[in-house]
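Each residue takes its place number in the sequence, starting with 1.
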Amino acid sequence: MIGFIIWVIGMILTIRAAFEIARYDVSLWKRIVAIIILVSTSWVGLLFYYLFARDRMESWLE
């Protein structure tokens, strides 16, 4: 049961991060690549995004 709850939390955070990246004002190709990298790296990608990259991601993608 705990594993399922952790999985659901991870899915919610991943979807939320993907929507945040999708709203950036950069080219579509760069947004798609960033979302694919985020989804494929699972919890490591989420931790990196929320702890370090969230405020800087748009400038990195330009």
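In the hydrophobic cluster analysis, where Ile, Leu, Val, Met, Phe, Trp and Tyr join through side-chain heavy atoms closer than 4.5 angstrom, I5 is grouped together with L46. Both I6 and L38 are assigned to one and the same hydrophobic cluster, defined by single-linkage of ILVMFWY side chains at heavy-atom distances under 4.5 Å. Transitive grouping of hydrophobic side chains (ILVMFWY, heavy atoms separated by less than 4.5 Å) brings L13 and V39 into a common cluster. I32 and I37 are assigned to two separate hydrophobic clusters, defined by single-linkage of ILVMFWY side chains at heavy-atom distances under 4.5 Å.
Distance check, rounded to the nearest 0.5 Å: OG1 of T14 to CD1 of I9 gives 11.5 Å.
For residues 28-50, the pairs satisfying ring pair (Phe, Tyr, Trp, His ring centres under 6.0 Å) are F48-F52, with sequence neighbours left out. For the salt bridge (charged side-chain N to carboxylate O under 4.0 Å, His left out) condition, the pairs that include at least one residue of residues 19-36, sequence neighbours left out, are R16-E20, E20-R54.
Qualifying ring pair (Phe, Tyr, Trp, His ring centres under 6.0 Å) partners for F19, counting only residues two or more places apart in sequence or in other chains: none.
The other residues sharing a hydrophobic cluster with F4 are W7, V8, M11, I12, where clustering joins ILVMFWY side chains under 4.5 Å apart.
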